[in-house]
Amino acid sequence: AQTVTQSQPEMSVQEAETVTLSCTYDTSESDYYLFWYKQPPSRQMILVIRQEAYKQQNATENRFSVNFQKAAKSFSLKISDSQLGDAAMYFCAYRSTGNQFYFGTGTSLTVIP
Amino acid sequence: GAVVSQHPSRVICKSGTSVKIECRSLDFQATTMFWYRQFPKQSLMLMATSNEGSKATYEQGVEKDKFLINHASLTLSTLTVTSAHPEDSSFYICSATKIQGRGDTQYFGPGTRLTVL
């Protein structure tokens with residue numbers, strides 16, 4: 001199975017500032033998808049952003065963007081203009097060609113008012 | 001977006017009993033659904049892949065006879081925890097695949113908290 005590593009168990013950011021969450025993965029596949037999911041206290045998994053491995057252009061969704069480095073197998077998430085509602089657990093996920101999802105251990109993000 | 005529901009949201013049962021958890025895709029058909037379990041402050045661990053009309057595919061280390069999965073229709077998958085024990089207490093989450101061309105997307109249910117006494 002593929003492995004996904006998030007080396008930052010906890011991160012904090014001042015409201016309106018920018019924060020970057022790190023993620024690396026290991027795979028032998030060439031075609032795959034990468035995702036960032038947010039899990040607030042309600043435990044509902046919410047899709048933040050997705051990246052297709054065949055696309056060189058980094059995905060962006062409003063205040064959320066990724067830095068996808070395929071050769072380095074790195075997939076970091078940048079949150080700009082952080083808001084209090086961004087506070088949550090963030091999981092990096094790898095989707096294999098068989099459609100199985102493998103999640104990292106998560107990063108708990110605190111937004112400081 | 002798409003909606004995936006789970007029922008029940010919380011269940012408490014006695015040790016030795018069986019518990020069934022339902023996962024439904026409410027506004028789309030899902031040929032594939034997945035079941036995960038999540039321990040407190042930990043990540044989601046994939047348990048099995050549920051395929052409509054065929055047997056589920058289990059991840060290594062997951063007991064097939066303990067966690068029975070049935071995907072009877074394109075909108076419903078069920079996970080039955082048989083002869084539950086306290087160590088089975090966990091948060092169980094399902095997800096369903098919505099086909100959207102090349103970029104199909106996973107939608108997650110809200111989860112079911114199982115407590116085995």
Side-chain angles (χ1 to χ4, degrees), chain A residues 1-11 21-25 27 30-55 57 59 61 87-110, chain B residues 1-6 8-10 21 23 30-52 54 56-62 69 71 77 90-114:
Chain A
Q2 283 70 20
T3 57
V4 180
T5 302
Q6 292 178 249
S7 59
Q8 306 154 316
E10 297 178 345
M11 290 284 283
L21 308 184
S22 301
C23 173
T24 58
Y25 58 95
T27 184
S30 59
D31 191 15
Y32 50 87
Y33 289 78
L34 296 165
F35 301 80
W36 278 97
Y37 280 89
K38 169 184 176 182
Q39 188 181 43
S42 68
R43 305 294 290 273
Q44 174 74 60
M45 297 288 283
I46 301 168
L47 176 65
V48 175
I49 199 166
R50 59 183 285 162
Q51 174 80 44
E52 292 90 338
Y54 68 89
K55 288 187 177 179
Q57 186 174 7
E61 284 289 341
M89 281 291 289
Y90 285 82
F91 291 99
C92 177
Y94 173 101
R95 197 191 84 185
S96 70
T97 52
N99 284 327
Q100 291 93 346
F101 269 62
Y102 300 95
F103 288 85
T105 50
T107 297
S108 178
L109 178 66
T110 300
Chain B
V3 179
V4 176
S5 70
Q6 280 185 241
S9 58
R10 291 175 178 266
I21 303 170
C23 176
T31 55
T32 304
M33 293 183 174
F34 299 91
W35 287 96
Y36 302 84
R37 66 186 299 180
Q38 185 180 30
F39 291 106
K41 297 185 179 181
Q42 294 190 25
S43 186
L44 282 72
M45 298 298 295
L46 179 64
M47 298 175 66
T49 303
S50 172
N51 301 299
E52 188 267 336
S54 63
T57 305
Y58 290 82
E59 294 296 299
Q60 191 173 9
V62 178
I69 292 173
H71 196 148
S77 175
S90 188
F91 194 69
Y92 292 87
I93 301 175
C94 74
S95 70
T97 304
K98 182 177 182 180
I99 306 298
Q100 294 174 309
R102 196 176 192 280
D104 53 302
T105 301
Q106 288 286 322
Y107 292 92
F108 287 82
T112 296
R113 181 172 299 285
L114 170 63

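Letters A, B, ... mirror the listed sequences (proteins, then strands); counts begin at 1.
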Within this structure, what is the CG-CZ distance for the pair B:Leu46 and A:Phe101, rounded to the nearest 0.5 Å?
10.0 Å
Can you tell if the side chain of B:Thr97 reaches within under 4.5 Å of the side chain of A:Arg95, non-hydrogen atoms only?
no
For residues B:Glu59 and A:Gln100, is any side-chain donor paired with an opposing acceptor at under 3.5 Å?
no
Are side-chain heavy atoms of B:Gln38 and A:Arg43 found at a separation under 4.5 Å?
yes
Just wondering, do A:Tyr37 and B:Gln106 contact through their side chains at under 4.5 Å, heavy atoms?
yes
If one checks every heavy atom of A:Gln6 against chain B at 4.5 Å, the contacting part turns out to be neither
Taking side chain as everything from C-beta outward and backbone as N, CA, C, O, which of these in B:Thr49 sits under 4.5 Å from a heavy atom of chain A? Side chain, backbone, both or neither.
side chain
Where the side chain of A:Gln44 meets the backbone of B:Phe108, is there a donor-acceptor pair that is under 3.5 Å apart?
yes
Measure the CE-CG distance between A:Met45 and B:Leu44 for me, rounded to the nearest 0.5 Å.
4.5 Å
Under a 3.5 Å distance rule, please check whether B:Ser43 uses its side chain to pair with a backbone N or O of A:Gly104 as donor and acceptor.
yes
Around atom CE of B:Met45, are there more than 12 heavy atoms of other residues, nucleotides or ligands at under 6.0 Å?
no
